[in-house]
Enquirer: 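Here it is: the structure, laid out below.
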Amino acid sequence: DAMVIQNPRYQVTQFGKPVTLSCSQTLNHNVMYWYQQKSSQAPKLLFHYYDKDFNNEADTPDNFQSRRPNTSFCFLDIRSPGLGDAAMYLCATSSLPGTSNNEQFFGPGTRLTVL
Amino acid sequence: QKEVEQDPGPLSVPEGAIVSLNCTYSNSAFQYFMWYRQYSRKGPELLMYTYSSGNKEDGRFTAQVDKSSKYISLFIRDSQPSDSATYLCAMTRGNFNKFYFGSGTKLNVKP
């Protein structure tokens with residue numbers, strides 16, 4: 001089945017130790033998003049890619065970086081995780097422009113714990 | 001003012017009840033409206049997707065959009081304990097503009 005896959009599902013890291021979260025999709029969607037979601041809060045957009053065009057939200061900390069080497073894969077790098085970065089990280093995709101399809105599909109998320 | 005407002009609940013109903021979940025928004029340019037269901041510690045699952053105003057029905061779920069009032073609703077008929085989750089509304093202007101989310105309503109359906 002076509003889907004959005006995130007690995008790992010659970011990640012534990014130490015304060016200040018870099019971590020990379022990965023996302024892959026078989027939907028062939030042009031746009032990929034990274035969100036941060038804390039308990040009982042709405043997902044907060046960190047950045048998105050339209051193809052290789054990178055768009056950073058103004059309030060995304062510099063500590064967060066992203067890479068999209070090809071259509072299928074996108075990575076979230078947290079260079080120096082702090083305790084406040086513990087959250088669920090959600091990857092999402094959406095489809096082509098010029099159509100009525102603007103649904104956004106989410107992966108299962110990676111829950112990050114910072115010790 | 002937030003772009004999208006959603007009552008966080010929790011909303012507790014008995015099994016079989018009709019559930020009404022709502023969001024209001026401020027940006028009249030939003031064209032595409034979505035409802036997601038999110039179980040605890042899982043990613044959001046797309047339930048309903050609506051373009052512009054009107055109703056859409058899918059099984060026990062009905063989504064309504066009233067653009068004149070900037071108000072969207074999700075109705076769940078014959079609610080089941082398995083419907084217990086957080087329901088997020090989301091909307092966008094389209095064409096890869098940003099998606100705006102409500103903070104989610106936590107629903108508990110009691111057997």
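We name chains A, B, ... by the order of the sequence lines, and we start the count at 1 in each one.
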Enquirer: According to a 4.5 Å side-chain heavy-atom criterion applied to Ile, Leu, Val, Met, Phe, Trp and Tyr, with indirect links allowed, do A/Leu112 and A/Phe75 form part of one hydrophobic cluster?
Expert: no
Enquirer: Measure distances from B/Gln31 to the heavy atoms of chain A and classify the residue's part below 4.5 Å as side chain, backbone, both or neither.
Expert: neither
Enquirer: If you measure from OG1 on B/Thr86 to CD on A/Gln37, what distance do you get to the nearest 0.5 Å?
Expert: 8.5 Å
Enquirer: Can you confirm whether B/Tyr39 is buried at OH, in the sense that more than 12 heavy atoms of other residues, nucleotides or ligands lie under 6.0 Å from that atom?
Expert: yes
Enquirer: Identify which of B/Glu45, B/Gln38, B/Gln6 forms the greatest number of heavy-atom pairs closer than 4.5 Å to chain A.
Expert: B/Gln38
Enquirer: If you count every heavy atom of other residues, nucleotides or ligands that lies below 6.0 Å from B/Arg77 atom CZ, does the total exceed 12?
Expert: yes
Enquirer: Could you see if A/Val4 belongs to whatever hydrophobic cluster contains A/Tyr35? Use Ile, Leu, Val, Met, Phe, Trp, Tyr and a side-chain cutoff under 4.5 Å.
Expert: yes
Enquirer: Can you give me the closest heavy-atom contact between A/Leu90 and B/Gly43, atom names plus distance?
Expert: CD2-CA, 3.8 Å
Enquirer: So does A/Asp59 have more than 12 non-hydrogen atoms from other groups sitting under 6.0 Å from CG?
Expert: yes
Enquirer: Any residues in residues 101-109 of chain B near chain A, with a heavy-atom distance under 4.5 Å, and which are they?
Expert: B/Phe101, B/Gly102, B/Ser103
Enquirer: In Å and rounded to the nearest 0.5 Å, what is the CD to CE distance from A/Gln104 to B/Met91?
Expert: 13.0 Å
Enquirer: Check each atom of A/Glu57 against the heavy atoms of chain B and say whether the ones under 4.5 Å are side chain, backbone, both or neither.
Expert: side chain
Enquirer: Determine whether B/Leu88 and A/Pro43 make a side-chain contact, defined as any pair of heavy atoms from C-beta on separated by less than 4.5 Å.
Expert: yes
Enquirer: A/Tyr50 and A/Leu46: same hydrophobic cluster, using ILVMFWY side-chain contacts below 4.5 Å?
Expert: no
Enquirer: State yes or no: do B/Val65 and B/Val19 share one hydrophobic cluster built from I, L, V, M, F, W and Y residues joined by side-chain heavy-atom distances below 4.5 Å, directly or via other members?
Expert: yes
Enquirer: Around atom NZ of A/Lys17, are there more than 12 heavy atoms of other residues, nucleotides or ligands at under 6.0 Å?
Expert: no
Enquirer: How far apart are the closest heavy atoms of B/Lys42 and A/Met88, and which atoms are they?
Expert: N-CE, 3.9 Å
Enquirer: Contact part of A/Thr110 toward chain B, heavy-atom cut-off under 4.5 Å: side chain, backbone, both or neither?
Expert: neither
Enquirer: State, to 0.1 Å, how close A/Phe105 and B/Tyr36 come at their nearest heavy-atom pair, and which atoms those are.
Expert: N-OH, 4.5 Å
Enquirer: Using heavy-atom distances under 4.5 Å, tell me whether B/Pro8 contacts chain A through its side chain, its backbone, both, or neither.
Expert: neither
Enquirer: Group every Ile, Leu, Val, Met, Phe, Trp and Tyr by side-chain heavy-atom contacts under 4.5 Å, then state whether B/Tyr100 and B/Ile72 land in the same group.
Expert: yes
Enquirer: Between atom OH of A/Tyr33 and atom NZ of B/Lys98, what is the distance when rounded to the nearest 0.5 Å?
Expert: 11.5 Å
